[in-house]
Amino acid sequence: MSTVRPIDRVEGTAIPLRGDNIDTDRIIPARFLKAITFSGLGNHVFADDRRSMPGHPFADPVYSGANVLLVNENFGSGSSREHAPQALMRWGIGACVGQSFSEIFLANATTIGLPCLTAARADIESLIRTVEEEPATPMVVSVHTLSLTTKGHTVGLRLPSAIRDAFLTGQWDATGLLLQRFENVHQVASRLPYLTGF
């Protein structure tokens with residue numbers, strides 16, 4: 001039986017990705033959207049950028065295993081493809097911290113349990129610079145306290161209260177909630193004429 005999974009702390013190292021308005025077409029190029037599942041999408045995150053931009057963070061082995069993504073303004077803009085947060089999560093990202101996120105990207109990320117929290121521009125710049133200088137710097141992101149802590153310093157984060165509550169209670173996981181009460185699904189299904197044939 002599936003159970004819902006609250007999400008609070010994400011601990012690990014970070015990958016810094018500079019640039020405003022990085023859109024979903026760059027995060028996961030369209031040619032990789034032909035698959036009928038999300039499996040393997042992580043291998044193609046920023047595929048074109050990695051090929052055309054020497055030193056791209058997602059191609060740099062010093063950031064291998066990083067699970068916190070640091071970004072600038074309006075990350076995830078462009079098309080509404082849900083594959084973008086799926087690809088990031090399957091690459092290994094457990095939380096995103098940035099100046100701002102596209103509303104649709106934020107909604108798609110929330111649906112799969114990928115917290116996207118915001119911070120002031122100066123704080124993001126400081127965090128990115130820290131990780132560029134010391135890639136192994138440990139970081140702790142907390143949804144509960146709305147904070148990112150690193151090297152004894154704490155940065156305040158923001159997240160809409162409804163999304164924060166959904167993560168902390170497990171309500172973000174619609175499928176888990178459905179499976180947790182699957183007997184209710186059977187009860188409703190037994191009354192539907194197009195399923196029962198009557």
Side-chain angles (χ1 to χ4, degrees), residues 5-24 26-28 42 45-46 49-50 53-77 84-103 105-170 172:
R5 179 175 60 94
I7 295 174
D8 176 15
R9 292 167 66 89
V10 176
E11 302 182 42
T13 57
I15 180 167
L17 186 63
R18 290 187 179 274
D20 296 337
N21 305 306
I22 293 176
D23 61 37
T24 54
R26 288 177 60 190
I27 297 170
I28 183 73
V45 168
F46 292 104
D49 284 6
R50 283 186 284 154
M53 300 178 182
H56 191 277
F58 276 80
D60 192 332
V62 301
Y63 299 115
S64 176
N67 61 348
V68 176
L69 176 60
L70 302 174
V71 296
N72 291 123
E73 190 173 350
N74 196 31
F75 183 79
S77 58
Q86 283 278 359
L88 289 169
M89 187 176 72
R90 290 164 192 274
W91 188 86
I93 298 300
C96 301
V97 177
Q99 289 170 231
S100 65
F101 297 89
S102 155
E103 287 186 22
F105 179 89
L106 175 61
N108 287 336
T110 300
T111 299
I112 63 170
L114 179 62
C116 294
L117 306 101
T118 59
R121 175 183 290 271
D123 288 330
I124 293 295
E125 175 58 31
S126 176
L127 291 168
I128 286 177
R129 193 166 52 249
T130 293
V131 175
E132 287 174 339
E133 294 171 357
E134 300 177 57
T137 302
M139 299 198 171
V140 178
V141 175
S142 173
V143 174
H144 177 68
T145 61
L146 293 178
S147 65
L148 185 156
T149 303
T150 182
K151 299 178 71 173
H153 176 66
T154 298
V155 171
L157 303 178
R158 297 180 299 274
L159 187 65
S161 58
I163 296 177
R164 177 177 177 268
D165 292 345
F167 280 129
L168 294 177
T169 61
W172 66 270

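Every heavy atom of this structure was used, including side-chain atoms; hydrogens, water molecules and symmetry mates were not.
Heavy atoms of other residues, nucleotides or ligands lying less than 6.0 angstrom from CD of Glu11 number more than 12.
In this structure, CG in Asn72 is found 7.0 Å from CD1 in Ile22, a value given to the nearest 0.5 Å. One distance of note links CZ of Arg5 with OG1 of Thr169; it measures 12.5 Å at 0.5 Å rounding. Interatomic distance, Met139 CE to Leu148 CG, rounded to the nearest 0.5 Å: 5.5 Å. With rounding to the nearest 0.5 Å, the separation of CG in Leu159 from OG1 in Thr110 is 7.0 Å. Between the CG atom of Leu157 and the OG1 atom of Thr145 there is a distance of 8.0 Å, given to the nearest 0.5 Å. In this structure, CZ on Arg121 lies 4.0 Å from CD on Gln99, to the nearest 0.5 angstrom.
Looking at Ser147, its side chain never comes within 3.5 Å of a backbone N or O of Val155 through a donor-acceptor pair. Between the side chain of Asp8 and the main chain of Ser142, no donor-acceptor pair closer than 3.5 Å is present. Thr130 places a side-chain N or O within 3.5 Å of a backbone atom of Ser126 that can act as its donor or acceptor partner. Distance alone, capped at 3.5 Å, places no donor-acceptor pair between the Ser100 side chain and the Glu73 backbone. Side-chain N or O atoms of Arg9 include none that pairs as donor or acceptor with a backbone N or O of Val140 at under 3.5 Å. A donor-acceptor contact shorter than 3.5 Å is absent between the side chain of Asn67 and the backbone of Ala95.
Smallest separation of non-hydrogen atoms from Val97 and Ala119: CG1-CB, 4.5 Å. Looking at every heavy atom in both residues, Ile7 comes nearest to Leu168 through O-CD2, 3.7 Å. Residue Pro135 comes nearest to Tyr63 through the heavy atom pair CB-CE2, 3.7 Å, listed as atom of the first residue, atom of the second, then distance. The minimum heavy-atom distance linking Leu146 with Arg158 is given by the pair CD2-C, 4.5 Å. Residues Pro16 and Pro57 approach most closely at O-CG, 3.0 Å, considering heavy atoms. Nearest approach of Gly94 to Val10, heavy atoms of both residues: O-CG2, 3.6 Å.
Test Ile128, Leu17, Ile15 against Leu70 for side chain to side chain contact (heavy atoms under 4.5 Å, CB included) and you get one pass: Ile128.
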Under the side-chain contact (heavy atoms from CB on, under 4.5 Å) criterion, do Trp172 and Leu114 qualify, and how do the steps go?
-> CA-CA 10 Å; Trp172 66 270; Leu114 179 62; over 6 Å; no

Could you walk me through whether Leu106 and Ile163 pass side-chain contact (heavy atoms from CB on, under 4.5 Å), step by step?
-> CA-CA 10 Å; Leu106 175 61; Ile163 296 177; 3.9 Å; yes

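Applying the ring-ring contact (aromatic ring centres under 6.0 Å, His included) rule to pairs touching residues 105-152 yields Phe75-Phe105, sequence neighbours excluded. Applying the salt bridge (charged side-chain N to carboxylate O under 4.0 Å, His left out) definition to pairs two or more places apart or across chains, those involving residues 125-150 are Arg18-Glu125, Arg18-Glu132, Glu125-Arg129, Glu134-Lys151.
When only modelled atom types and interatomic distance are considered, Asn21 and Asn74 share a side-chain donor-acceptor pair under 3.5 Å.
Every residue was checked against the side-chain hydrogen bond (donor to acceptor under 3.5 Å, both in side chains) condition with Thr13, not counting sequence neighbours, and none meets it.
Side-chain contact between Phe58 and Leu69: present, with at least one pair of heavy atoms (C-beta onward) separated by less than 4.5 Å.
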